[in-house]
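This report concerns only the one structure given below.
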Amino acid sequence: MIYLRSLLFQLAFWLWSIAWAVGMLLVLPLPRGVNTWCLTTWAKGLIVGLRVLAGVKVEVRGQEHRPTGPALVAAKHQSMFDVFSQFALLPDACFVMKKELLMVPLFGWHGLKAQMIVVDRDGHSTALKKLVRDAVDRMKESRQIVIFPEGTRGKVGEPGDYKPGIAALYREMNMPVTPLALNCGSHWNKGFLIQPGTIVFEYLPAIPAGLKRGEFMRELQTRIDTATKALEDAGL
């Protein structure tokens, strides 16, 4: 049964996504708010599809910590769904994405229209300066900047290798950071199968501004990895 349900969801996922990606070409000339509505509707459709076709419910914890205004969100990264989901869960998510994704047909165009923050991971200090500059610009529109400190998807059960990008944003923007723990990888990882159960997104209390770099990075990783492991161990 799990193979059949996974097949049905994967088919629905690609058909739904391609239809929206092509249809959204029509709104490229329109204001960004239309693009945001499209991405939100697309993501909400995926959540419904997961529940109906694959038997995966989505639960949000820490509602009192989920930002609704300008914010920095640092999230665990295990699955594509880590990204897709935030379009449905945050009012106006802005992701930090690697420049290689701009080469993906349609996706890259819509990412530019959504004014995502594009970084060159080989750019070192120049890339960090651009990251901060673009983040400051996006904050003028009260967006929630979502960054995956690990930079790439990690394996379930393994601690993350946290990169310096989030530390640069934390220091230069002098604002709190909301950690986000999740267990997406236990249900929807890189493979074909979708494991039934409950995907949990847990927004944790914000780390206040003003900590020294080392202290901040230790606190961030401890909070995210500890909460993520608890979700994984719960076997939801």
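The residues of the chain are indexed from 1 along the displayed sequence. Not measured: the values here are computed from a predicted model.
- A distance of 8.0 Å separates CD1 in Ile166 from CE in Met217, rounded to the nearest 0.5 Å.
- Put simply, the side chain of Asn183 gets close to the backbone of Thr198: a donor and an acceptor are under 3.5 Å apart.
- Counting heavy atoms of neighbouring residues, nucleotides and ligands inside a 6.0 Å radius, atom NZ of Lys229 does not exceed 12 of them.
- Considering CG of Leu180 and CZ of Arg66, their distance stands at 10.5 Å, rounded to 0.5 Å.
- For Gly210 against Asn174, the heavy-atom pair with the smallest separation is N-OD1, 4.2 Å.
- Hydrophobic clustering of Ile, Leu, Val, Met, Phe, Trp and Tyr side chains at less than 4.5 Å, counting indirect connections, keeps Val200 apart from Leu50.
- Counting only heavy atoms from C-beta outward, the side chains of Ser142 and Pro70 approach each other to under 4.5 Å.
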**Request:** Check step by step if side chain to side chain contact (heavy atoms under 4.5 Å, CB included) holds for Val119 and Lys130.
**Result:** CA-CA 8 Å; Val119 296; Lys130 180 181 181 299; 6.0 Å; no
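- Shown here are the side chain to side chain contact (heavy atoms under 4.5 Å, CB included) partners of Glu64, two or more places apart in sequence or in another chain: there are none.
- Distance CE/Met139 to CE/Met173: 4.0 Å, rounded to 0.5 Å.
- Surrounding NZ of Lys57 are at most 12 heavy atoms belonging to other residues, nucleotides or ligands under 6.0 Å away.
- His110 meets the ring pair (Phe, Tyr, Trp, His ring centres under 6.0 Å) test with no other residue; sequence neighbours excluded.
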**Request:** Test side chain to side chain contact (heavy atoms under 4.5 Å, CB included) on Arg61 and Phe201 and set out the steps.
**Result:** CA-CA 6 Å; Arg61 298 180 182 176; Phe201 294 97; over 6 Å; no
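- Closest non-hydrogen pair, Arg213 versus Pro164, comes out as NH2-CB, 3.3 Å.
- Put simply, CG on Leu8 and CD1 on Ile194 are 11.5 Å apart, with the number rounded to the nearest 0.5 Å.
- When each of Arg153, His77, Lys76 is checked for a side-chain hydrogen bond (donor to acceptor under 3.5 Å, both in side chains) with Asp82, only His77 meets the rule.
- Atom-to-atom distance recorded for Trp188:CH2 and Ser6:OG is 11.0 Å, nearest 0.5 angstrom.
- Under 3.5 Å, the side chains of Thr222 and Arg218 contain no donor-acceptor pair of N or O atoms.
- Judged by distance alone, with hydrogens and angles left aside, the side-chain atoms of Gln144 form a donor-acceptor pair with the main-chain N or O of Gly69 at under 3.5 Å.
- Scanning both residues, Ala12 and Leu53, for their nearest heavy atoms gives CB-CD1, 3.5 Å.
- Test Leu131, Asp92, Val73, Val96 against Ile145 for side-chain contact (heavy atoms from CB on, under 4.5 Å) and you get one pass: Val96.
- For the pair Asp134 and Val118, the tightest heavy-atom approach, listed with the atom from each and the gap, is OD2-O, 4.5 Å.
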**Message:** Apply side chain to side chain contact (heavy atoms under 4.5 Å, CB included) to residues Val132 and Leu128 and explain how you reach the verdict.
**Reply:** CA-CA 6 Å; Val132 173; Leu128 285 177; 5.7 Å; no
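- Val177 and Leu204 fall into different hydrophobic clusters, where Ile, Leu, Val, Met, Phe, Trp and Tyr side chains are chained together by heavy-atom contacts under 4.5 Å.
- Linking ILVMFWY side-chain heavy atoms closer than 4.5 Å, directly or via other members, places Leu72 and Leu211 in a single hydrophobic cluster.
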**Request:** Would you please test Val56 and Phe9 for side chain to side chain contact (heavy atoms under 4.5 Å, CB included) and show each step?
**Result:** CA-CA 11 Å; Val56 180; Phe9 174 76; over 6 Å; no
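- For residues 14-27, every residue pair satisfying the side chain to side chain donor-acceptor pair (under 3.5 Å) rule, not counting sequence neighbours, is listed here: Ser17-Trp42.
- Linking Ile, Leu, Val, Met, Phe, Trp and Tyr whenever their side-chain heavy atoms come within less than 4.5 Å leaves Leu89 and Leu236 in two separate clusters.
- By the rule that hydrophobic residues join a cluster once side-chain heavy atoms approach within less than 4.5 Å of another member, Leu90 and Trp37 end up as members of one cluster.
- Side-chain contact between Leu220 and Pro149 is present, with at least one heavy-atom pair separated by less than 4.5 Å.
- Taking Ile, Leu, Val, Met, Phe, Trp and Tyr as hydrophobic and joining them when side-chain heavy atoms fall under 4.5 Å apart, one finds Ile2 in a cluster with Tyr3, Leu7, Leu11, Phe192, Leu193.
- When the ring pair (Phe, Tyr, Trp, His ring centres under 6.0 Å) test is applied to Tyr170, the partners found at least two apart in sequence or on another chain are Phe216.
- When atom types are taken as modelled, the side chain of Lys113 and the backbone of Leu30 share a donor-acceptor pair closer than 3.5 angstrom.
- The two residues Cys38 and Val27 come nearest to each other via the heavy atoms SG-CG2, 4.4 Å.
- For the atom pair CD (Gln78) and CD (Glu158), the distance works out to 10.5 Å, reported to the nearest 0.5 Å.
- Phe87 meets the ring pair (Phe, Tyr, Trp, His ring centres under 6.0 Å) test with Phe95; sequence neighbours excluded.
- Contact detail for Glu232 and Gly157: the closest heavy-atom pair is OE1-N, 3.3 Å.
- Looking at Val136 and Arg133, their side chains never come closer than 4.5 Å, going by heavy atoms from C-beta outward.
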